[in-house]
Amino acid sequence: MSIWTRTAAATLMFALLSPQAFAEESKGASNLDARIATARASVKQLATDLKKHLKAALETAGPVHALPVCKTIAPALARSLSTNGSFTIRRTALKLRNPDNAPDDFERRVLEMFDKKIKAGEPAAKMEYSEVVEAGGKKLFRYMKAIPTAKKPCLACHGSKITARVREHIKELYPQDQATGFKAGDLRGAFSVTQTIREDEKTNQ
């Protein structure tokens with residue numbers, strides 16, 4: 001299936017899971033609960049689609065051809081799940097490969113919290129955090145889900161034993177790369193969701 005077909009399918013799926021539609025289907029649940037559920041569903045969809053693309057690239061052509069998946073296809077998938085700036089989803093990390101994914105202050109704080117918990121022995125697989133914040137005169141719902149470093153496919157391009165050909169390709173695509181030397185279970189980064197809360201909405205916290 002092409003990226004454009006997947007993108008169209010993702011857009012349709014998001015329409016079914018939009019905050020307004022989900023709230024209507026979740027009578028009795030608070031607005032905040034609905035936002036969290038929508039964020040989780042969007043993150044799950046992005047992670048699933050991205051993993052499929054990475055797996056296909058690795059199986060057909062190896063790690064060198066998996067690198068463009070994260071550079072071009074991953075942002076396209078994220079954009080397909082975002083709506084006119086009122087709901088956005090992206091990936092970010094403390095150790096960056098793509099400088100466009102640099103964390104803002106909120107994301108850095110949460111990433112550092114995740115990293116501290118993982119180093120203390122907590123598993124990253126179900127690690128998440130949400131908060132309603134004020135920024136630029138607007139109220140925003142923020143949600144983050146940790147991305148643990150998986151043995152496959154992550155270490156082929158992010159581990160400490162990377163082939164010379166892959167390292168050369170990384171340098172070509174990302175001259176300022178910081179995202180190597182990871183071990184399985186380390187915090188690779190996080191999915192980050194931001195949703196603008198309209199003035200006419202009531203958020204139960």
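We number each residue from 1, following the sequence as shown. In what follows, every heavy atom counts, from backbone to side chain, and hydrogens, waters and symmetry copies are set aside.
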Exercise. Could you pull out the closest heavy-atom pair between Pro148 and Cys154, with the gap in Å?
Key: O-SG, 4.5 Å
Quiz prompt | Ser86: partners by side-chain hydrogen bond (donor to acceptor under 3.5 Å, both in side chains), with sequence neighbours left out | solution = Thr83
Quiz prompt | Within one Ile-Leu-Val-Met-Phe-Trp-Tyr cluster: Val193 and Leu32, side-chain cutoff 4.5 Å | solution = yes
Quiz prompt | Lys183: partners by side chain to side chain contact (heavy atoms under 4.5 Å, CB included), with sequence neighbours left out | solution = Asp186
Practice problem: Could you state whether Leu187 and Phe191 fall into the same hydrophobic cluster, counting links through intermediate Ile, Leu, Val, Met, Phe, Trp or Tyr residues with side-chain heavy atoms under 4.5 angstrom apart? | Solution: no
Quiz item: Between atom CZ of Phe87 and atom CZ of Arg35, what is the distance when rounded to the nearest 0.5 Å?
Solution: 10.0 Å
Quiz item: Minimum heavy-atom separation for Pro63 to Ala156, with atom names?
Solution: CG-CB, 3.9 Å
Practice problem: List in chain and number order the residues that pass salt bridge (charged side-chain N to carboxylate O under 4.0 Å, His left out) with Arg40, two or more places apart in sequence or in another chain; answer none if no residue qualifies. | Solution: Glu128
Practice problem: Find the distance between NZ (Lys139) and CZ (Arg198) and round it off to the nearest 0.5 Å. | Solution: 13.5 Å
Practice problem: Just jot down the salt bridge (charged side-chain N to carboxylate O under 4.0 Å, His left out) partners of Arg90, sequence neighbours excluded, or say none. | Solution: Glu107
Quiz item: Taking Ser192 for the side chain and Met144 for the main chain, is one N or O donor matched with an acceptor at less than 3.5 Å?
Solution: no
Quiz prompt | Linked, directly or transitively: Phe106 and Ile89 (ILVMFWY side chains, under 4.5 Å) | solution = no
Quiz item: Under the 4.5 Å side-chain heavy-atom rule for ILVMFWY, direct or indirect, which residues accompany Val166?
Solution: Val64, Leu67, Ile162, Ile170, Leu173, Tyr174
Using residues 109-123 as the side-chain source, report each donor-acceptor pair under 3.5 Å to any protein atom, sequence neighbours left out, with the distance given to one decimal.
from	atom 1	to	atom 2	distance (Å)
Arg109	NH2	Glu131	OE1	3.2
Asp115	OD2	Lys119	NZ	3.1

Self-check item: Contacts of type salt bridge (charged side-chain N to carboxylate O under 4.0 Å, His left out), residue Lys55, not counting sequence neighbours
Solution: none
Quiz item: How many angstroms lie between SG in Cys70 and NE2 in His158, if you round to the nearest 0.5 Å?
Solution: 5.5 Å
Quiz item: So with a 6.0 Å cut-off around NZ of Lys71, is the heavy-atom count from everything else above 12?
Solution: yes
Exercise. Hey, could you give me each pair passing salt bridge (charged side-chain N to carboxylate O under 4.0 Å, His left out) that has a residue in residues 158-175? Not counting sequence neighbours.
Key: none
Quiz item: In terms of hydrophobic clusters joined by side-chain contacts under 4.5 Å, are Val43 and Val69 together?
Solution: yes
Quiz prompt | Pairing residues for Lys138 by the side chain to side chain contact (heavy atoms under 4.5 Å, CB included) criterion, not counting sequence neighbours | solution = Leu140, Thr196
Quiz item: Can you tell me if CD on Gln176 sees more than 12 non-hydrogen neighbours from other groups inside 6.0 Å?
Solution: no
Quiz item: Cation-pi between Arg188 and Phe182: NZ/CZ under 6.0 Å from ring centre and within 45° of the ring axis?
Solution: yes
Quiz prompt | Gln195 side, atom CD; Tyr143 side, atom OH - distance, nearest 0.5 Å | solution = 13.5 Å
Quiz prompt | Pairing residues for Thr72 by the side chain to side chain contact (heavy atoms under 4.5 Å, CB included) criterion, not counting sequence neighbours | solution = none
Exercise. For Thr149, enumerate each residue passing the side-chain hydrogen bond (donor to acceptor under 3.5 Å, both in side chains) test, keeping only those at least two apart in sequence or located in another chain.
Key: none
Practice problem: Would you give the length of the straight line joining atom CD1 of Ile147 to atom CG of Leu50, rounded to the nearest 0.5 angstrom? | Solution: 8.0 Å
Exercise. Using a 4.5 Å cut-off on heavy atoms from C-beta on, say whether the side chain of Lys145 contacts that of Leu46.
Key: no
Practice problem: Could you list the residues that satisfy side-chain hydrogen bond (donor to acceptor under 3.5 Å, both in side chains) with Asp177, not counting sequence neighbours? | Solution: Arg97
Quiz item: Between OG1 of Thr180 and CG of Leu155, what distance do you get to the nearest 0.5 Å?
Solution: 11.5 Å
